[in-house]
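Written below as structure tokens is the structure these notes are about.
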Amino acid sequence: MPQYALLILPAFNRVYGESSVRLTLGELAVFGDRALESQVSGIGEAVIGGLPYVTFETGAPLPAGDVALLSNLSSAYALFGVEGELLRPLTMAPLDRLSSDLITIQKYAGKTNEHFTKLLLNVTVLASERRLDERLSVFDPLCGRGTTLNQALMYGYDAYGVDVDSKDFEAYTGFLKMWLRNKRFKHTAETVPVRRERALVGRRLNVSFAGSKEAYKAGDTQQVAVVNADTLRAREFFRPRSFDVVVTDAPYGVQHGSKGGGGLSRSPLELLAKAVPGWAELLRPGGALGISWNTYGGSREELGAILGSAGLEVAELPGFEHWVDQAIVRDILVARKP
Ligand SMILES: C[S@@+](CC[C@H](N)C(=O)[O-])C[C@H]1O[C@@H](n2cnc3c(N)ncnc32)[C@H](O)[C@@H]1O
């Protein structure tokens, strides 16, 4: 049986420490179950030349399409075919279509780690009925300064977000405009007031861009829209069934207060209980919603019940629970819209 070894990105080990291999095992299992043509078996870990690898077998040699898909694993640094004691490098072909500084330049307290964000986006798309290499529409209803949005753009998707924090909204607006200018991408960007019955309820950034003038002229553009408002109003800003996936990192109840329903919610789950029904309406049938949350703020069962009562079906996924810091043990829950 052909054997393969995946070298884990060094940053992944730094961020997740001991959890990094386990998270990769889980993500690889989801790719194997939901995306790859090949039958993946024997997923395990190995130390080769003193470095941690995730190893696996397939029934037949990996076709190029599977190598391309695996190139998008959030932890993938390099992929090798194992030949006796030697490793033969396979040519990675990730979906990435923009330069990686889109995701790495912004640094701020409260940023969701970009590798973790990619993992959450990957498993959510794979749990949906969509393919990773389709042109998807992604919504992050608690988008902060846009880590999910940027990862979505990186994959060639359209990206939509809501965040109540004005500083985050302004920082992301400023960053994205500057990045597009520096890259000399043909684009339009406007910030407009959002009114309901004449009252101002928020601001909206609308961006449309393309990597080349020709693509821009041909209408082959990527869209970004971010609304600075309470996510409980998300349904007022986007039409029902607008998005293929909803992907979000919920407030941890530590660094960010959850600002739902007036004052500070006691638990981020209170915000989710109020917000998820609206987010679910924005999903297209066959789409999926993936949330990461701090398990100290509520259990998997509680969050599962919230998703279930919004008409979503919780997907069985391998364990992605991992330690972030003393106050945060983070986990992922993904649910499909029938
Ligand atoms: C864990 S952070 C997400 C960070 C984001 N993924 C990033 O990397 O920038 C949670 C976000 O939820 C936002 N938030 C909390 N309550 C909200 C509400 N009711 N409506 C909209 N946004 C809210 C906070 O402002 C914060 O940006």
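In listed order, ligands and their atoms are each counted from 1.
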Logged contact type for D168 with ligand 1, heavy-atom cut-off 4.0 Å, is side chain
Aromatic rings H322 and F116: how do their planes relate, parallel, tilted or perpendicular, breaks at 30° and 60°?
tilted
Indicate yes or no: does K167 engage D165 in a salt bridge with an N to O separation below 4.0 Å.
no
Ignoring angles and geometry beyond distance, decide whether D140 reaches within less than 3.5 Å of ligand 1 through its nitrogen or oxygen atoms.
no
Per-residue contact class, T148 against ligand 1 - non-hydrogen pairs under 4.0 Å
neither
With a cut-off of 4.0 Å, which atoms of ligand 1 are near a heavy atom of K111?
8 (O)
Report, in ascending order of atom number, the atoms of ligand 1 lying under 4.0 Å from any heavy atom of L271.
16 (N), 19 (N)
With under 30° as parallel and over 60° as perpendicular, where do the rings of Y157 and Y155 fit, or are they tilted in between?
perpendicular
With heavy-atom distances below 4.0 Å as the criterion, list the atoms of ligand 1 near D230.
18 (C), 19 (N), 20 (N)
Counting N and O atoms only, with roles assigned by atom type, does the side chain of S71 sit under 3.5 Å from a partner on the main chain of A93, one being a donor and the other an acceptor?
yes
Just how far is it from atom CZ of F31 to atom CG of L73, taken to the nearest 0.5 Å?
4.5 Å
Need the ligand 1 atom indices (1-based, order shown) with element for anything under 4.0 Å from a heavy-atom of G110.
4 (C)
Short list, please: which atoms of ligand 1 are under 4.0 Å from a heavy atom of T147?
7 (C), 8 (O), 9 (O)
Min side-chain heavy-atom separation R181-H187 under 4.5 Å
yes
Here the atoms of ligand 1 under 4.0 Å from any heavy atom belonging to C143 are 5 (C), 7 (C), 9 (O)
Looking only at non-hydrogen atoms, the one of T117, D165, D163, L142 nearest atom 26 (C) of ligand 1 is D163
Relative to ligand 1, is A275 under 4.0 angstrom through side chain, backbone, both or neither, heavy atoms considered?
neither
Does ligand 1 have an atom under 4.0 Å from some heavy atom of D249?
yes
Within 6.0 Å of NZ in K213, more than 12 heavy atoms from elsewhere:
no
Does a salt bridge link K118 with E27, judged by any charged N lying under 4.0 Å from a carboxylate O?
no
Nearest heavy-atom approach of A171 to Q106 is O-NE2, 4.1 Å
Please could you name the atoms of ligand 1 that Y108 approaches to less than 4.0 Å, counting only its heavy atoms?
7 (C), 8 (O), 9 (O)
If you measure every N or O of A250 against every N or O of ligand 1, does any of those distances drop under 3.5 Å?
no
